[in-house]
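Notes for the one structure printed next.
Count residues from 1 along the sequence. Keep in mind that the numbers below use all heavy atoms, side chains included, and drop hydrogens, waters and symmetry copies.
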Amino acid sequence: MSGRPIRITRARITPVAFADPPLLNTVGVHQPYALRAIVQLDTDAGLTGLGETYADTKHLERLTAAADAIVGQDVFAVNAIRAAIADRLHGDDAAVGTAGMITSASAVDQVLSPFEVACLDVQGHATGRPVSDLLGGAVRDAVPFSAYLFYKWAAHPGGEPDGWGEALYPDQLVAQAQRMIAEYGFTAIKQKGGVRPPEEEMAAIEALRVAFPDHPLRLDPNAAWTPETSVKVATGLAGVLEYLEDPTPGLDGMADVARQSPMPLATNMCVVAFDQLAPAVAKQSVGVVLSDHHYWGGLQRSRLLAGICDTFGLGLSMHSNSHLGISLAAMVQLAAATPNLTYACDTHWPWKTEDVVEPGVLRFVDGAVPVPTTPGLGVRIDEDSLAALHEQYLRCGIRDRDDTGYMRSIDPTFRVGSPRW
């Protein structure tokens with residue numbers, strides 16, 4: 001490879017929608033379709049890099065503005081690319097407009113992320129190396145993930161039941177876990193909570209412990225509980241949970257619970273940006289940070305986060321939102337090159353039935369994804385599938401994720417409260 005720059009000539013952004021089951025959480029229920037934006041970064045070297053991110057309306061507007069701002073930049077000059085994006089988004093860093101319950105992450109970092117991933121993909125193709133090599137080299141050949149259980153309805157209202165069926169009670173969650181582990185071989189289990197009263201969710205965890213005595217268990221109620229309720233649950237599940245994730249809102253509430261909890265507290269809600277790390281460490285609010293390159297600013301800034309966690313003795317894993325294959329590939333390349341990844345990562349992978357990448361590269365073996373060793377991310381776009389999911393986006397009419405609004409369209413009495421119990 002010559003030393004000349006590889007310049008960005010165009011950034012194509014394609015919003016897509018893929019089918020999503022009625023998965024329940026503390027703010028409502030997943031809509032029939034999840035939204036993602038696929039980034040294809042074209043260069044003057046004839047190489048194209050791939051990225052993936054949220055596709056809510058405001059985020060798409062920012063992505064489009066950023067795409068124009070980075071044309072002409074060298075794909076190796078990620079610092080300059082971030083500066084160009086920050087300049088274009090100047091005064092628009094309120095961090096609203098992306099999916100989920102994350103409200104305090106940096107808008108600049110969230111917009112940078114898919115472009116940085118795409119730049120690394122191009123760099124990998126240009127050098128003939130996998131992205132993990134560009135991040136310091138792989139320290140593991142396969143990345144472990146956990147089974148991600150959800151309370152759910154059998155079907156969206158008016159729709160046909162899906163293959164997973166209903167899961168509202170402990171025995172149904174155990175059956176969900178049994179199928180997921182049989183199909184994917186997961187060696188850890190995470191339950192999404194904040195849906196049923198805390199006592200019922202504790203009973204579900206206890207049923208999972210009986211059914212899977214050797215699997216580490218986690219519970220994530222998405223800050224649905226008061227500190228008092230959180231301590232009660234933590235105490236009641238002493239010796240059962242590997243960690244308790246975001247039981248209560250805010251750094252102060254988490255610190256209060258952490259002082260009394262027999263297991264570590266994890267978060268992907270109260271520590272989602274670099275300026276939140278110092279107060280979290282000072283208050284001793286969390287013991288495990290669940291990174292997510294989609295809002296930490298990409299893979300290189302996620303490595304910076306990993307270094308900070310290592311410095312302060314914090315555990316590290318990965319958070320997941322509903323995602324497709326480009327995001328999974330990026331997660332796997334990052335996790336492969338992160339020595340202090342101390343827990344199996346989260347993924348929504350079993351819940352999806354559609355994708356935009358060519359099949360066959362990403363697969364689960366004994367609960368882990370073997371790290372692709374081909375250049376770049378290791379995945380290729382399936383243009384026909386991309387076009388079909390874009391058409392699905394145009395048809396479905398959903399433009400912003402709104403679990404609460406969808407739930408209220410079904411149950412007008414539904415109310416959100418944080419904490420709820």
Please check if any side-chain donor atom of [X] sits under 3.5 Å from a side-chain acceptor atom of [Y], or the reverse.
| X | Y | answer |
| --- | --- | --- |
| R36 | S327 | yes |
| T53 | H294 | no |
| E201 | Q191 | no |
| N25 | D403 | yes |

Check for a donor-acceptor pair, side chain of [X] on one end and backbone N or O of [Y] on the other, with a separation under 3.5 Å.
| X | Y | value |
| --- | --- | --- |
| D162 | G165 | yes |
| Q333 | P130 | no |
| E52 | L324 | yes |
| T48 | Q40 | no |
| R301 | S113 | no |
| T57 | D400 | no |
| S106 | D109 | yes |
| S317 | L290 | no |
| Q176 | W164 | no |
| R129 | A126 | no |

> Does CD in Q284 sit with more than 12 non-hydrogen atoms of other residues, nucleotides or ligands closer than 6.0 Å?
Replying inline: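 At most 12 heavy atoms, drawn from other residues, nucleotides or ligands, come within 6.0 Å of this atom.
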
>> Determine whether L24 and F150 satisfy the following criterion, side-chain contact (heavy atoms from CB on, under 4.5 Å), listing intermediate values before the conclusion.
In response: CA-CA 7 Å; L24 298 164; F150 279 82; over 6 Å; no

pair [X]-[Y]: side-chain heavy atoms closer than 4.5 Å:
| X | Y | result |
| --- | --- | --- |
| S322 | H30 | yes |
| L328 | S320 | no |
| L251 | V271 | yes |
| H125 | V75 | no |
| I308 | L314 | no |
| L149 | L208 | yes |
| L377 | V357 | no |
| P264 | E242 | no |

[X] [atom1] to [Y] [atom2] distance, which is reported to the nearest 0.5 Å:
| X | Y | atom1 | atom2 | result |
| --- | --- | --- | --- | --- |
| T353 | D20 | OG1 | CG | 9.0 Å |
| R399 | Y393 | CZ | OH | 4.0 Å |
| L41 | I81 | CG | CD1 | 7.0 Å |
| S146 | M318 | OG | CE | 12.0 Å |
| T267 | D220 | OG1 | CG | 9.0 Å |
| E61 | I13 | CD | CD1 | 11.5 Å |

> Would you call K232-E199 a salt bridge at under 4.0 Å N-O?
Replying inline: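 Here K232 pairs with E199 in a salt bridge, since their nearest N and O are under 4.0 Å apart.
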
>> Let's go through V369 and M331 carefully: what are the C-alpha distance in whole Å and the side-chain angles of both, what is the deciding distance for side-chain contact (heavy atoms from CB on, under 4.5 Å) to 0.1 Å, and is it a yes or a no?
In response: CA-CA 10 Å; V369 177; M331 293 166 68; over 6 Å; no

Indicate the atoms forming the closest heavy-atom contact of [X] with [Y], along with that distance.
| X | Y | answer |
| --- | --- | --- |
| L112 | G297 | CD2-O, 3.5 Å |
| A306 | T338 | CB-CG2, 3.8 Å |
| G28 | F414 | N-CZ, 3.7 Å |
| V332 | P372 | CG1-CD, 4.0 Å |
| V257 | P247 | CG1-CG, 4.4 Å |
| T374 | G378 | OG1-CA, 3.4 Å |

> Does Y33 have its ring centroid less than 6.0 Å away from the ring centroid of H156?
Replying inline: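 Centroid distance Y33-H156: not below 6.0 Å, so no.
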
> Taking the six-membered ring where the residue is Trp, are the ring centres of Y295 and Y54 under 6.0 Å apart?
Replying inline: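 Between Y295 and Y54, the centre distance exceeds or equals 6.0 Å.
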
>> Taking salt bridge (Lys or Arg N to Asp or Glu O under 4.0 Å) as the cut-off, I'd like each qualifying pair that reaches into residues 343-364, sequence neighbours left out, listed once.
In response: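 Only K190-D346, R218-D346, K352-D355, E358-R380 qualify under salt bridge (Lys or Arg N to Asp or Glu O under 4.0 Å).
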
> Where do D246 and N268 land on the side-chain contact (heavy atoms from CB on, under 4.5 Å) test, with the steps shown first?
Replying inline: CA-CA 7 Å; D246 285 308; N268 76 283; 3.5 Å; yes

> Applying side-chain hydrogen bond (donor to acceptor under 3.5 Å, both in side chains), which residue pairs with at least one partner in residues 250-265 are found, sequence neighbours left out?
Replying inline: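 Checked against side-chain hydrogen bond (donor to acceptor under 3.5 Å, both in side chains) - neighbours excluded - the pairs reaching residues 250-265 are D252-K283, D256-Q260.
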
> Do you know which of Y184, F364, W349, Y343 makes ring pair (Phe, Tyr, Trp, His ring centres under 6.0 Å) with F145?
Replying inline: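 Going through the options one by one, the only one that passes is F364.
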
>> Checking V240 against M263 for the side-chain contact (heavy atoms from CB on, under 4.5 Å) test, could you report, in this order, the C-alpha distance in whole Å, the side-chain angles of both residues, the deciding distance, and whether it holds?
In response: CA-CA 9 Å; V240 178; M263 73 282 294; over 6 Å; no

> Parallel, tilted or perpendicular for F212 and H215, by the 30°/60° rule?
Replying inline: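 The rings of F212 and H215 stand perpendicular, inter-plane angle above 60°.
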
>> Holding to salt bridge (Lys or Arg N to Asp or Glu O under 4.0 Å), I want the full list of residues that pass it with E383, two or more places apart in sequence or in another chain.
In response: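 For E383 there are no salt bridge (Lys or Arg N to Asp or Glu O under 4.0 Å) partners, ignoring immediate neighbours.
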
> Looking at Y169, is R196 sitting on its ring face, NZ or CZ under 6.0 Å from the six-membered ring centre and within 45 degrees of the normal?
Replying inline: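 Because its charged atom sits under 6.0 Å from the ring centre and within 45° of the axis, R196 does stack over Y169.
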
